Protein chains: 2
Amino acid sequence: MTTAKKEIGAGLRRHIEAISPLTDAEWEFVSRHFTPRKLRKHQYLVQQGDPVPYDFWVVSGLLKAYAVDEDGKEHILQFAMEEWWCTDYHAYQTESKAAIFIDCMEACEVLCLRLRDRETICGQVRAMERFFRIKSNLGYIALQKRIISLLKEPAEERFGNLIRQYPRLAQRVPKKHLAAYLGVSRETLSRLKK
Amino acid sequence: MTTAKKEIGAGLRRHIEAISPLTDAEWEFVSRHFTPRKLRKHQYLVQQGDPVPYDFWVVSGLLKAYAVDEDGKEHILQFAMEEWWCTDYHAYQTESKAAIFIDCMEACEVLCLRLRDRETICGQVRAMERFFRIKSNLGYIALQKRIISLLKEPAEERFGNLIRQYPRLAQRVPKKHLAAYLGVSRETLSRLKK
DNA sequence: AACGGCCTGTGATCTACCTCACTTAAAAAG
DNA sequence: CTTTTTAAGTGAGGTAGATCACAGGCCGTT
């Protein structure tokens, strides 16, 4: 492992161990299955219609995952900043074609994990199976909250909650993308801010 | 274990083993941690503001999980029929107070699982940790699809997809509840059907 | 048979939000 | 520094869907 890769990996180890501690040997085994990749702004990690061999863990930078409707409008499923996981999970798990796009809103470094490697890791390292179980639970809870928010809150309240919950993200992301995440038009969001 | 309980449990075992096989000894251990409960139509399993000690697995019947807004309107997060899991996962995991209601749309039999028992099961039985990890992944994927659907599809298309994907459910559930699930008013849904 | 609930459909408004068009400002790209 | 691209605010007008109000149908109860 290169020095650069070690530094990158250290962040991932901390991230995992916040939930499920690893021995050095386990970490050594786990980290071997991630491959680092650098991307420039506007590069795609996933494109609709393509296979999705990897799950991505963001070391640095900022991604957006979005669906495009027949009018060409983007609807943002998820942003992913440092220490977030992101991929088209449906296509990834079922080894089918992507239904969404994922691209870089800023230059990014990511760690890539193949499905079969994830399964190997979970099979060999008990703590990692636990990690992914808990991580997945937390993700499920977050999505439930978003669905409730979409169903019962008016646009203004959804916007307020977003700013309160992810102030750093709201800074970093152009407002038109926040609109696409909240499910309102750019113009409406602009008017809401008063 | 009573005969009745054995029969009920058999369904759960099949459900689990469809994802992750168990030895008889493991199943014996696992099943001990579930407690059966019967409920009448309109009874609550979870009420907003109360603690949420259990995750529920539906043996028979039909639940709805919903949030209520300030106007008293219901927004349905999830239906749960036979073989579905349901609870307020946020409150359950964090042992905090429920943000939603869950009640029986029909008379129900459920199996109840305490958080600490779920963790015990996952800790003791490797196959169960795998089961919950995979189940949770699948749930996450389903919620991602629903979010994309809410963001990019007009009400009519959401309704069509719902009927295609869950025809049995759409039969069983009063249409006003389908409307509350889709995020449209009862009247609008009625007009859409033409 | 008659009563009260609950569900569903339908007409008549009303409104939150969308779309289109234009302007200004700021940031990349050259 | 200049040009091109991208972001953001604002006005005018349109529309999907909300809300309100009422009517008929289908239960299970008395």
Side-chain angles (χ1 to χ4, degrees), chain A residues 39-44 61-64 66-76 79 101 103-108 147-163 168-194, chain B residues 40-44 62-64 66-76 79 101 103-107 149-163 169-194:
Chain A
L39 297 112
R40 279 170 296 107
K41 194 171 173 174
H42 296 134
Q43 257 188 294
Y44 287 104
L62 178 55
L63 309 176
K64 68 177 204 282
Y66 57 98
V68 177
D69 65 23
E70 53 269 21
D71 304 334
K73 232 173 34 176
E74 296 185 2
H75 301 275
I76 297 184
F79 295 108
F101 296 87
D103 68 25
C104 300
M105 301 179 63
E106 303 173 0
C108 287
I147 287 173
I148 289 178
S149 167
L150 283 169
L151 289 177
K152 86 166 190 192
E153 290 166 11
E156 184 166 8
E157 211 170 322
R158 297 207 295 279
F159 182 51
N161 290 162
L162 178 63
I163 291 177
R168 287 173 49 220
L169 185 76
Q171 297 292 326
R172 247 168 118 173
V173 173
K175 298 194 174 58
K176 66 166 183 169
H177 294 319
L178 296 182
Y181 176 88
L182 293 171
V184 294
S185 72
R186 184 185 76 66
E187 295 92 331
T188 298
L189 185 68
S190 168
R191 284 185 253 263
L192 280 181
K193 293 187 302 181
K194 296 174 306 196
Chain B
R40 280 171 294 108
K41 194 172 172 174
H42 296 133
Q43 256 188 296
Y44 287 104
L62 178 56
L63 308 176
K64 69 178 204 283
Y66 57 99
V68 177
D69 65 24
E70 53 269 19
D71 304 334
K73 233 173 31 176
E74 294 185 4
H75 302 276
I76 297 183
F79 295 109
F101 296 88
D103 67 25
C104 300
M105 302 180 64
E106 303 173 2
S149 167
L150 283 169
L151 290 177
K152 88 167 188 189
E153 290 166 12
E156 184 165 8
E157 210 170 324
R158 296 208 294 279
F159 183 50
N161 291 163
L162 178 62
I163 291 177
L169 185 77
Q171 297 292 325
R172 246 167 119 175
V173 173
K175 296 190 175 60
K176 67 165 182 169
H177 293 319
L178 296 181
Y181 177 87
L182 293 170
V184 295
S185 72
R186 182 185 75 66
E187 295 93 332
T188 297
L189 186 67
S190 168
R191 284 185 253 263
L192 280 181
K193 292 187 302 182
K194 295 173 308 194

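The structure presented is a predicted model; accordingly, all values stated were derived computationally and were not measured. Naming: A, B, ... by sequence-line order, numbering from 1 per chain.
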Atom [atom1] of [X] and atom [atom2] of [N]: how far apart are they, to the nearest Å?
| X | N | atom1 | atom2 | result |
| --- | --- | --- | --- | --- |
| B:L150 | C:dC17 | CG | P | 15 Å |
| A:F159 | C:dA16 | CZ | P | 19 Å |
| A:K176 | C:dA27 | NZ | P | 15 Å |
| A:E70 | C:dT19 | CD | P | 12 Å |
| A:R191 | C:dA16 | CZ | P | 14 Å |
| A:L178 | D:dA8 | CG | C1' | 12 Å |
| A:K175 | D:dA7 | NZ | C1' | 9 Å |
| A:L182 | C:dA16 | CG | C1' | 15 Å |

Name of the residue among B:V184, B:L192, B:L189, B:N161 meeting side-chain contact (heavy atoms from CB on, under 4.5 Å) with B:E156 =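 Exactly one candidate clears the test, B:L192.
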Where the side chain of A:K41 is concerned, which of D:dA8, C:dA12, C:dA28 is the nearest nucleotide?
-> C:dA28
Out of C:dC18, C:dT10, C:dC17, whichever nucleotide has its closest atom nearest the side chain of A:S185 =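 Minimum distance to the A:S185 side chain belongs to C:dC18.
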Do A:Q43 and A:C108 touch side chain to side chain, with heavy atoms closer than 4.5 Å?
-> no
Do the rings of A:Y66 and A:F101 sit parallel, tilted or perpendicular, given the 30° and 60° boundaries?
->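 Aromatic pair A:Y66/A:F101 classed parallel.
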Spacing of A:I76 atom CD1 and B:L151 atom CG [to the nearest 0.5 Å] | 9.5 Å
Would you kindly compare B:L189 and B:R186 by the position of their nearest DNA chain D nucleotide and give the one closer to the 5′ end?
-> B:L189
B:S190 or A:P154: which one's nearest nucleotide on DNA chain C is closer to the 5' end?
->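 First, find each residue's nearest nucleotide; the 5'-ward one identifies B:S190.
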Pair of N/O donor and acceptor under 3.5 Å linking C:dC17 base with A:E187 side chain =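 There is none.
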